[in-house]
Amino acid sequence: MKTEYELLTAPYMDELLDNLRKFVAIDSVRDPDTMDKDNPCGKGVTEALKFFEELAKKDGFDVTNYGNKIVEANIGSGEKNITIMAHADVVPEGTGWDQDPFEVVEKDGVLTGRGVADDKGPLLACYYALKALKDNGKLGDYQVRFLVGGAEETTSEGMMHYFYELKKKQPTLGFSPDSSFPLIFAEKGIFGFLVTDSFKMDNVYSIKGGVASNSVIEKCVVEMAKDEKFVSYVSELYGKDVEASEVDGKCVLTFTGVAAHGSIPWVGKNAAMMAIKALGDYYDNPNLKLFAEKYSGTRGEGIKANMHNDEMYDNSLNLGLFSYENGELKATINFRFINSTTFEEIKAIIEENSKPFKTTFGGCSPLLYFPKDSTLVSTLLKAYIDETGDVDAVPLSTGGGTYAKEAENVVAYGMEFDGWDSKMHSAGEQIKIEHIEKGMAIYARAIVELGKKL
């Protein structure tokens with residue numbers, strides 16, 4: 001038997017799927033090459049934001065586009081608000097797809113395509129949940145703001161602009177449909193750091209791998225002098241995961257790993273680290289061997305930055321970008337830490353134990369933590385349980401970073417269900433149609449229940 005909220009949202013499913021296909025068809029990777037004053041995140045992101053802007057206007061929301069950084073769709077008014085925060089940008093498509101990544105392909109009730117799970121599918125599920133409530137007079141005397149940003153995967157500049165430059169009102173209660181159900185009560189702190197070194201390898205001209213710091217490197221290409229014995233060595237070591245060719249008199253080796261989200265690098269297989277270890281060991285290169293020793297541990301073991309507790313589990317270390325060219329090594333590391341430490345403490349540990357490599361640190365996305373018995377967490381958890389019947393559901397912690405960190409009183413809430421691998425940030429990103437249907441109903445109930453708390 002369908003729930004009240006499943007019956008309420010079901011009529012919107014066909015329109016949602018039609019718009020999801022159109023939405024995914026927009027390549028909305030943040031693109032510095034097409035950035036200008038009218039396209040601060042690149043033309044693709046602008047197109048995606050305008051897609052949502054026009055959709056929300058057509059459906060009768062009060063819509064404002066803030067410089068193609070963020071789009072706000074409003075309904076209702078009042079001092080208190082429910083704020084929903086989602087994003088229209090996606091990570092680069094990477095390699096390994098057996099389809100056009102910017103096309104939604106349906107098979108056996110599963111949709112694949114870049115953005116179907118992160119975050120265009122959940123965004124639209126939440127949007128149509130809100131539309132269903134609006135159309136059927138189910139909202140109370142409060143404001144609901146639906147915020148769609150354009151650079152969540154990189155800088156979060158849209159939300160920063162909205163809350164800290166424009167100084168818009170903070171959420172009274174809110175959520176971001178950009179993680180896992182039942183909900184996320186804690187998110188690790190996240191920062192990046194650059195590792196550099198200078199040394200010569202006479203037989204290696206370049207090493208290049210990675211598309212984003214928050215993804216495990218799937219492809220790494222080495223250009224080097226011809227060396228049949230080394231080719232035999234890596235072929236025996238990695239089998240089909242390395243391919244050799246000759247280009248302009250050079251030997252070109254392509255190492256293939258397994259992409260994964262940067263928050264769970266132990267799930268993937270880092271192609272750059274495969275190349276680094278092979279080159280370092282075969283040629284007995286001390287710089288590469290030391291780099292592998294320090295940074296191959298995906299929990300920070302090599303630089304003594306590994307920590308664990310039963311609430312947030314482990315720190316994580318992901319080598320996301322790597323290059324060696326003209327004698328210069330550059331590596332971008334994405335690091336995430338639990339609530340057993342602080343940014344300053346873990347930074348000092350990494351800096352000391354990375355020596356003799358030079359490290360340069362960027363800013364930190366702070367750790368997020370809400371008590372499990374807080375109004376926000378308990379209300380959202382109850383809405384999930386009431387809609388699914390999953391009475392054993394408990395709040396989760398994650399290494400993923402969401403928009404929840406960019407505002408007050410917000411947690412990540414769905415839309416990946418337990419036992420399902422959406423392949424976020426990887427080839428073959430996917431979502432079940434039945435999960436979209438159930439997600440809509442959960443979001444509709446959650447909005448109503450949060451409204452009762454205002």
Side-chain angles (χ1 to χ4, degrees), residues 80-87 117-119 121-123 125-127 129-130 142-149 152-153 156 158-160 162-163 168-190 261 263-264 311-313 336-339 364-388 390 393-418 422 424 435 438-454:
K80 296 181 178 180
N81 69 77
I82 297 168
T83 298
I84 300 160
M85 303 164 69
H87 66 90
D118 184 21
D119 188 36
L123 184 161
C126 199
Y127 172 77
L130 178 59
Y142 47 80
Q143 179 189 36
V144 181
R145 296 184 300 184
F146 201 114
L147 306 180
V148 176
E152 190 272 349
E153 298 290 3
S156 291
M159 291 300 170
M160 298 292 287
Y162 183 85
F163 285 112
K168 295 293 185 177
K169 185 183 297 184
Q170 289 288 337
T172 308
L173 295 171
F175 61 87
S176 178
D178 189 23
S179 190
S180 301
F181 280 130
L183 63 90
I184 306 300
F185 77 98
E187 296 183 14
K188 295 175 185 177
I190 306 173
H261 195 289
S263 64
I264 46 173
E311 194 167 50
M312 296 189 71
Y313 306 109
R336 304 175 187 229
F337 61 94
I338 61 176
N339 57 339
C364 178
S365 174
L367 187 142
L368 177 146
Y369 183 94
F370 279 85
K372 294 179 184 178
D373 61 354
S374 64
T375 297
L376 179 59
V377 171
S378 60
T379 301
L380 291 177
L381 180 61
K382 185 177 186 302
Y384 172 84
I385 292 173
D386 288 348
E387 198 59 39
T388 63
D390 181 8
V394 294
L396 307 171
S397 66
T398 183
T402 73
Y403 272 151
K405 291 182 177 180
E406 308 303 332
E408 299 172 6
N409 307 315
V410 174
V411 296
Y413 189 47
M415 197 171 77
E416 184 171 274
F417 285 83
D418 184 38
S422 65
M424 284 189 190
H435 288 174
K438 177 56 74 174
M440 265 203 298
I442 294 169
Y443 289 137
R445 182 184 287 271
I447 292 167
V448 171
E449 294 303 320
L450 287 177
K452 295 176 181 178
K453 303 296 182 180
L454 296 180

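By convention here, the first residue in the shown sequence is residue 1.
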Colleague: Would you name the heavy atoms of E187 and G400 that are closest together and state the gap between them?
Modeller: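 It is OE1-O, 3.5 Å.
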Colleague: S397 side chain to E311 main-chain N or O, any donor-acceptor pair under 3.5 Å?
Modeller: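 Answer holds: yes.
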Colleague: Using only atom types and a distance under 3.5 Å, with no angle test, would you say the side chain of T172 pairs donor to acceptor with the backbone of N81?
Modeller: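 Such a contact is found between T172 side chain and N81 backbone.
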Colleague: Start with the C-alpha gap between F163 and L147, add the side-chain angles, then the distance that decides, and say whether side-chain contact (heavy atoms from CB on, under 4.5 Å) holds.
Modeller: CA-CA 11 Å; F163 285 112; L147 306 180; 3.9 Å; yes
Colleague: Got a donor-acceptor contact below 3.5 angstrom from the D119 side chain to the H87 backbone?
Modeller: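 Yes.
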Colleague: Does D418, at its CG atom, have more than 12 non-hydrogen atoms belonging to other residues, nucleotides or ligands within less than 6.0 Å?
Modeller: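 Result for CG/D418: open.
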Colleague: Can you name the closest pair of heavy atoms from M440 and A125 and give their distance?
Modeller: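 Result for this residue pair: CG-O, 3.1 Å.
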Colleague: Examine distances only and state if a side-chain atom of K453 and a backbone atom of L376 form a donor-acceptor pair shorter than 3.5 Å.
Modeller: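 Looks like no, no N/O pair under 3.5 Å.
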Colleague: Check whether any side-chain heavy atom of Y162 sits under 4.5 Å from a side-chain heavy atom of R145, and report yes or no.
Modeller: yes
Colleague: If you look at every heavy atom in A383 and A446, which pair is closest and at what distance?
Modeller: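 For A383 and A446, the tightest heavy-atom pair comes out as CB-CA, 3.8 Å.
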Colleague: Using atom types as modelled and distance alone, determine if a side-chain donor or acceptor of T379 lies under 3.5 Å from a backbone N or O of L450.
Modeller: no
Colleague: Is there a donor-acceptor pair closer than 3.5 Å between any side-chain N or O of E416 and the backbone N or O of A117?
Modeller: no
Colleague: Counting C-beta onward and ignoring hydrogens, is there a side-chain heavy-atom pair between I190 and K405 closer than 4.5 Å?
Modeller: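 With C-beta onward as the side chain, the pair touches.
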Colleague: Determine whether the aromatic ring centres of Y413 and Y384 lie less than 6.0 Å apart.
Modeller: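 No: the rings miss the under 6.0 Å criterion.
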Colleague: Looking at side-chain heavy atoms only, is the closest gap between V394 and P182 below 4.5 Å?
Modeller: no
Colleague: Check for me whether K372 meets the cation-pi criterion with F185, that is, NZ or CZ under 6.0 Å from the six-membered ring centre and within 45 degrees of the ring axis.
Modeller: yes
Colleague: Ring-plane angle category for Y443 and F181, please: parallel below 30°, perpendicular beyond 60°, tilted otherwise.
Modeller: tilted
Colleague: Which heavy atom of V410 sits nearest to which heavy atom of P171, and what is that distance?
Modeller: CG2-CG, 3.7 Å
Colleague: Within a strict 4.5 Å, meaning less than it, do heavy atoms of the P395 and L381 side chains meet?
Modeller: yes
Colleague: Looking only at heavy atoms, what is the nearest atom pair of F146 and C126, with distance?
Modeller: CE1-C, 3.8 Å
Colleague: Does K438 use its side chain to pair, donor to acceptor, with the backbone of E387 at less than 3.5 Å?
Modeller: yes
Colleague: Are T398 and S180 packed together at the side-chain level, in the sense that at least one heavy-atom pair is separated by less than 4.5 angstrom?
Modeller: no
Colleague: Considering only heavy atoms from C-beta outward, does the side chain of L183 approach that of F370 to under 4.5 Å?
Modeller: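 In short, these two side chains do not touch, never coming nearer than 4.5 Å.
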Colleague: If only atom types and distance count, is the side chain of R336 paired as donor or acceptor with the main-chain N or O of K188 below 3.5 Å?
Modeller: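 Side chain of R336 to backbone of K188: no pair is present.
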Colleague: Test your reading of the model: is there a side-chain donor-acceptor pair from Q170 to the backbone of E408, 3.5 Å cut-off?
Modeller: yes
Colleague: Provide the closest heavy-atom pair for S179 versus I184 in the form atom of the first, atom of the second, distance.
Modeller: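 Taking every non-hydrogen atom into account, OG-CG1, 3.4 Å.
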